Every structure is written in C-alpha cells, then in structure tokens.
2 protein chains.
Amino acid sequence: MATQKKIGSINMSQVIRTIWLYEGISRIEISRTLGLDKSTITKIVNTLLGMGIVRNVSEGTAGPQGGRKPVKLAINRDFGYILGIEIQTDRYMAVVIDLQGKICFSYSNLINFSRRPLKKVFLEILQTITNRIEKTKLLGIVLGLPGLINSDKGIIHRSKPLNIIEDVYFLDSIIDLIEVPLLIENDANSCCWGELVFNRANISKNFIFVLGELREHQSSSIGKHVLAIGIGVVIDSKVHYGENFSAGEFQSVFREVTNTTQFSLPDNQFSRIEADQEIRKAVFQELSKNIALLVNVFNLSQVVFGGAIEEYKNEIIPILKDEIEKNWSYEYNTGCRISFSHHNAQSVAYGSACMFLEYLFSTPSVDTGQNEYLPRGIELFQLILSQKVNNNNL
Amino acid sequence: MATQKKIGSINMSQVIRTIWLYEGISRIEISRTLGLDKSTITKIVNTLLGMGIVRNVSEGTAGPQGGRKPVKLAINRDFGYILGIEIQTDRYMAVVIDLQGKICFSYSNLINFSRRPLKKVFLEILQTITNRIEKTKLLGIVLGLPGLINSDKGIIHRSKPLNIIEDVYFLDSIIDLIEVPLLIENDANSCCWGELVFNRANISKNFIFVLGELREHQSSSIGKHVLAIGIGVVIDSKVHYGENFSAGEFQSVFREVTNTTQFSLPDNQFSRIEADQEIRKAVFQELSKNIALLVNVFNLSQVVFGGAIEEYKNEIIPILKDEIEKNWSYEYNTGCRISFSHHNAQSVAYGSACMFLEYLFSTPSVDTGQNEYLPRGIELFQLILSQKVNNNNL
DNA sequence: TAATGTTGGTTTAAAAAACAAACCTATTGG
DNA sequence: CCAATAGGTTTGTTTTTTAAACCAACATTA
C-alpha cells in the first residue's frame, strides 16, 4: 500500500523547504528549526549546493556577543522557471514564475475553441508561449481549468464551461508530446496553491478561496451573465480534494431546484447583477450565509476572494463579516479574516504554477496520497536534473 | 519549531499500527505493506515482542506452491485497558476497552452537579469507576465533554451545557492527582475517534459525525426540549479541530438571530419536537440542507449520526439523501453514505477511549500539531512502560 | 592588543537504521 | 527423496544521523 520513501529524502526535502520558506536562513537556524544536528545540515546543504538548488548568498552579522558570522542560504533563482496556464471558455492566461514565486513574465490572449478539443487548443497555446521564453530552463507546466479535475491522475471528469461531459484522460493523452513535467488542476484549487505559496511563511492552515466569475449563462443570449462560484478548500495547509476530487463544488442551500444557477435568484433576474446593486446585495448575502456555515463548522481562519467578483470587494466585506458573526453563537470572535487575491486576472495561472512550486518544496509525507505522474520534494528535483542531462545529450 | 522524531520511531510506529489494523498479519506482509525490508521487520517485531506489545498468535497456512507457514502477529490484548468517560449535564457514561477496541466493561449513572466544579465531579466519578476495574492495567483515560475544547492543551474554552463561560485549564489543574495519562476531548469529536477506530481497516477519509441530543432548553421549565447538534469533522482521516479548536460548532443558515436554538424553528415550538412528526420533518430538512452543503463542498464520503437523534433514523435518511442530491449539480452521484453510530448511548465514552487508542497506534507525522501532554505511537508506549516500572517500584 | 568568550560551521569517529545476501525452516508437489 | 517455494533469521554492508572535537571569525575587555 504505502510506498517507502528513501528515509534520507525526507530530511533533505525538509531542508530545501526550510530554505525556501525562510530565505537567507543560516545552517544553524535550519538545524534548530528542524531539530537536526548542525553537522547533518552541513552535509545536506553541501549536497544541495552541488546540485545547484541552493546558493550561499551572503554573510550575516555576528551576534551581540560576538562569534562567527552566519552564512545566509537561499534557493538558486536561476535554477529554472515554471509555467502556469489558465484556460477558460474564451481566453487564456500564461504566467511564468521563478522558484521564489516571483512573476517573470505573463501573457494573455483570446481563444477560439470552435469545436476543437481541449488538447489541440492547449498545444497551440503552449507553442505560442514557449516561443517567447527560454525553453531550456522550463522545469514544469501546470494547467488550471474550471471543472471537476483529478489532478493526481490527470483526469478531467466534468467541466460545464468547457463542455466536457465525460471523463477525459488528459495527461495520459498528452504526456508523450511534452518534454517537461505537466500537471492539471481545478481553477479554484490553483488559486489556493497561489495563496499557499504567496503567504508561505505565515499562512492560515485552514481557509477557502472563493473564485467568483461572471460567466455567460448556459442557455441565454450574449450579454446575460450569471455569477459562477467555485471554491478551493485548504485544510491543514493542504489543498483538500475530497473522496472523488469534487470538493469545492458549490450550490447555495437556498437554491430552488428549478433554477439553473447556483443561487435562489430566478434565472431571468441574474442578467441585471452588474447593473443592480440591490440584486448584488441579495446574492452576496446568500453567498455569505453559505460561506458563514463553512467558516464556523470548519473553523476557518480566512476567506479569500478572487475572480471578477473582486470588483465588488467593498460590497462583500461587510456582508460576509456580518453573516459570519450572526452564525456564531459565542460572545468572542473566532477572527476569520476576509481578503482578496493579490493577483487579479492572474490568480489562476499564477496559482497553477505555484502548485508545481509546492510540489518541489514539499516534504513527502508518509501517508499523503500520491500523484501518479510526479514525486515531491528532493525526488522531483532529482527527476528534473536527470531529464536535464538527457536533454543536453540529445 | 518542529521537534525531531527519533528517526527509527517512525517505522516502529508504522509496524505497530499495521499489526493493529490487520490483526493476524505476517512479517512478510508487513514488509510488503510498508515497503521495508523483511529483515528490518524481523528486528522491529522482535523489539515489540520484547516490550510485550505484540504476540505471535498462530501459524497460517502455506501457499499453494509450498513454502514455510507464515507466523501471524497480533497486538497483545492483555497489555492493558483504556477508560473513556462521557460527562453530560445530568449523567455520565464510562466505557473500558482493550487495545483492539473491544468493549470490556461499561457503567453509567446520574450526576448531581449541584454547583460543584467539574473537576470535583470528575474525580468522584473516577473513584467509582476505578474501584470496579483492575487498576494496574489501566493505560490511559479520556474524558469527553460538550463544548469548545482544546484537547492539545487540555483547556475547556466554553461549554454551555456545563455552564463554563471562561477558559478552564482542566488538565493542568488535575494532572498531578492522576497517575495515568489523561486527555479531554469534545464529545462529537470523540465520536469521530470512535468511528476511526471501529472502521479502521477500511475507513472513509472524509466524514462528519452529527451528534444530536435532546437537551433541556436553557431558559425553560423542565420537559421542554431542544435538539442540540454538535458536529465532529474528520478530514483526511484526521479529526479536524480548526484554528481555535472550534470546528464543529453548528448553527443553521436559516436560523433567525432572535432564536436561542440552532434552528429557524421558533423557540416555543421546539418543545413539541418529540410529539409532532411534522415539526421533526421540518427540523430534519433544515438540518439536512445545511449538511448537504458541507457534504458537497467538502466532498465527504459519509455522514454518521449519533445521540438521541438516532431514534429517528428512518425519518432522517430519506430527507438527507434527497437534500444531498438536490444540492448536487452533476448527473452522477458522489455516493455519500449515511449511517448511524453502532454504539448508541456509549458513542461518546467509547469514542473518547478510542482517541487514546489512536494516539497509541498512530505514526508520529512530521508536520502534525502536537499534544502537549502526550506523544504518539511507540513513544507513548515507551512512556507507559516507564511509568509501569515506576509504579511497581513504589 | 592579547586574552577570553561566543557563535557559526566543518571534520571525524561512532551510533543507529535500513538493506542485501546468504542461510535456515517448513511446506507442496513430483 | 528431491526440487521448488515462501516465510523468517542471521550476518555483514551501506546509508544516515549524531556527538564531540575542532576551526573560523567575531565581540568584549583587561
């Protein structure tokens, strides 16, 4: 059942992660943080220096009581880059980041699907992007999509926006055509990865990302919009997929079964959501009541909003705050923060790339479910390095 | 920050857990399950035999192609017993289980708090119980309580049923008076531990336990009852506490702020809940709509009911099934099972004891939050063994 | 400025775990 | 009785971590 991790790789991965989390940390501090002997850290860091993953960046200052100056360590930014791509019905967004999660490059354009399969469209986009970046240092690609997605097996189960109504074994079908590691992920979950990376040093362990987009209504003429909500869930600092990778699928508890939207608002009134503040208020209140239940039952410490809904930031905050309090029965406040994504239109693409970062810098846990295509931590680095050698030999 | 686990203790704990999960497993099977070399397993098992934790129970049968018969291993049931106690406003329940989770003994009685502090009442109960069981083999005690409870630090933050309105450092105040390890836990969470142990070999990784009790209404004369719901949450096979140990606190999204109950039903109608099936139907429907949201957003695979609410099993099942489906927007079914606790009135006490079992048989994960009073896995066994020696010397 | 103390980091030897291979045990099946 | 086979142990080797001694580089102060 469980596959044995080479025992040393755990500590090695932990050291990498620690340097990633605390840029400029010294060997001694790592040893204290992880509870390992300082000589062990010296050994591991030397290996990492040899692999080109880590760099000695500078000398720190000695303490007030004297002593040798600490040597600050950091991840080698030049090691490589990661590409995150978001594909929606009518447009895509590509973002390239370095190992620290800084955005190096981004590009966006419209898509015309015109009945072509996703695979073809994706390969076309990939062509466009890779023409614009240094290909040799590309470490991995992650594709963020709306829908029910099994990121461990690379399957798209369903996607209403992309008109996918049966299982598509996406990675299986494309893996041979691409020379770097590739993953797919649900769009709202991607945003969660983005938050995990962006706030990695001091993060909420339990939060949700509410991705609210204004989409064309399934069965309506152009111009009619509905608010489409996708939720990404992070529990215990891990993206939560649930039993069938359908976690995050949202429908309001107030919704009437006859409605085609996720809310109780009659379908025909939804088109006025952008124009009518009263309608927005009703919808946001309904959304907030639902979220409040999730926040309190799971004792979340944060709710992050992203997508087109961000525009209504000032309308949402007071409503949600109020509903969370109303749903709470004790006198003290649990202190759930409400915030908005820092990356605007790039939230999904950026977050997708961050998923790969987290794979690189995670410690392979004993019990965690496995991605079938990629290992984690130092093993992923080793995989990448071995592929680099192969590519150079060709 | 993170404290280093003695490296060997991880595999040792994993071996113990594996034997616990799969009673009668052989050394070879363990080695295959964990991906460790068979000689490593031999070594570890010998240590465990020496400690008295594990026993060679019998010989299996050789395979169809011959070969030596495997030796079946099992946890030594005689190693000791665990006591779980549930304290409610008016009664308590005590359950003693062995290391396999089988109930050996149970006892229940009424409580008269009469303004005495919980600590005093608890010590009294403990006296009564320990008089009835063999004290030398008692390995640990877990107390299950309604309210907001930090089980890692042993603090009772709030408990409306027990009239606790400020932090009580329960374990700190009592730890010196008791010679065996003691933990406290929220009652609904205890029930989750019970499910985790009872179905340990093939368990849902994500489920909730809905503990529904009929309690006297805060501000009412005797006889008036309300339905009090407490939820225990299990995500990724771990009891989920949230950021402040308040996970599981429930209030319906339909509730009016003026109500003192957790539902939208006016306070004065709640007393008829036991007599009037229509009122029950409305309440169960409201509860089910709330639960359905949780089930779908978190993609839970199971909802378990326990407490007095179990009596209405046949009324609840169809309503909840229906609401989960209505809240789901795809054509296929996510397959959330609905079940009822197997332990009736003993759910909380049994589950509390199981929490200690899970501590004994868990593998100390690298990143898991730590209980301040107790280690896990082999380290907890070692602690117990060292205390045994001390007690014998006195 | 020389002596002393302090802290960061490395080296070396010893220990602890895990593994690999040889070997023993106990079976089935000819 | 003899292979073939599978479970389990023993022995020796490799990997990984630690402990302790040591070096490096600083501050303080006599």
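These numbers come from a predicted model, not from an experiment. Each chain gets a letter, A, B and so on, in the order its sequence line appears, and its residues count up from 1. Only this structure's heavy atoms are used, side chains among them; waters, hydrogens and symmetry mates stay out.
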Pairwise side-chain contact, B/I75 with B/I16, heavy-atom cut-off 4.5 Å (strictly under):
yes
Measuring to OP1 and OP2 of C/dA17, would you say a side-chain N or O of B/T40 lies under 4.0 angstrom away?
no
Quick one about B/Y241 and A/N206 (side-chain donor to acceptor, distance below 3.5 Å, no hydrogens or angles considered), yes or no?
no
To the nearest angstrom, the CG-P distance between B/L34 and C/dC19 comes to 10 Å
So if I apply the side-chain contact (heavy atoms from CB on, under 4.5 Å) rule between B/V54 and each of B/I44, B/T47, B/L48, B/N76, which one comes out positive?
B/L48
Test B/I19 against B/I53 for side chain to side chain contact (heavy atoms under 4.5 Å, CB included), laying out the working first.
CA-CA 10 Å; B/I19 298 173; B/I53 298 171; over 6 Å; no
From D/dT5, C/dG9, C/dA18, pick the nucleotide closest to the side chain of A/I28?
C/dG9
Between B/S190 and B/S352, is there a side-chain donor-acceptor contact under 3.5 Å, judged purely by atom types and distance?
yes
Between B/K72 and A/K43, name the one whose nearest nucleotide on DNA chain D is closer to the 5' end.
B/K72
Parallel, tilted or perpendicular: rings of B/F361 and B/W20 (30°, 60°)
parallel
What's the CG-P distance between A/L36 and D/dT16, to the nearest Å?
14 Å
Return the nearest nucleotide to the side chain of B/T42; candidates are D/dT10, D/dT5, D/dG7.
D/dT10
Between CD1 of B/I10 and P of C/dA17 the distance, given in whole Å, is 11 Å
For atom CG of A/L73 and atom P of C/dG8, their distance in whole Å
13 Å
Side-chain N or O of A/N11 less than 4.0 angstrom from OP1 or OP2 on D/dT16?
no
Do A/K137 and A/D78 meet the salt-bridge criterion of a basic N to acidic O distance under 4.0 Å?
yes
For the pair made of CD1 in B/I41 and C1' in C/dA20, what is the distance, rounded to whole Å?
15 Å
Rounded to the Å, how far apart are B/I25 CD1 and D/dG7 C1'?
13 Å
For D/dA4 and B/Q65 - does any side-chain N or O of the residue sit under 4.0 Å from the phosphate oxygens OP1/OP2?
no
Does D/dG7 have its OP1 or OP2 closer than 4.0 Å to a side-chain nitrogen or oxygen of B/R32?
yes
Grab the N/O contacts between the protein and nucleotides 20-25 of chain D below 3.5 Å, and write none if there aren't any.
residue: D/dA25; atom: N3; partner: A/R68; partner atom: N; Å: 3.1

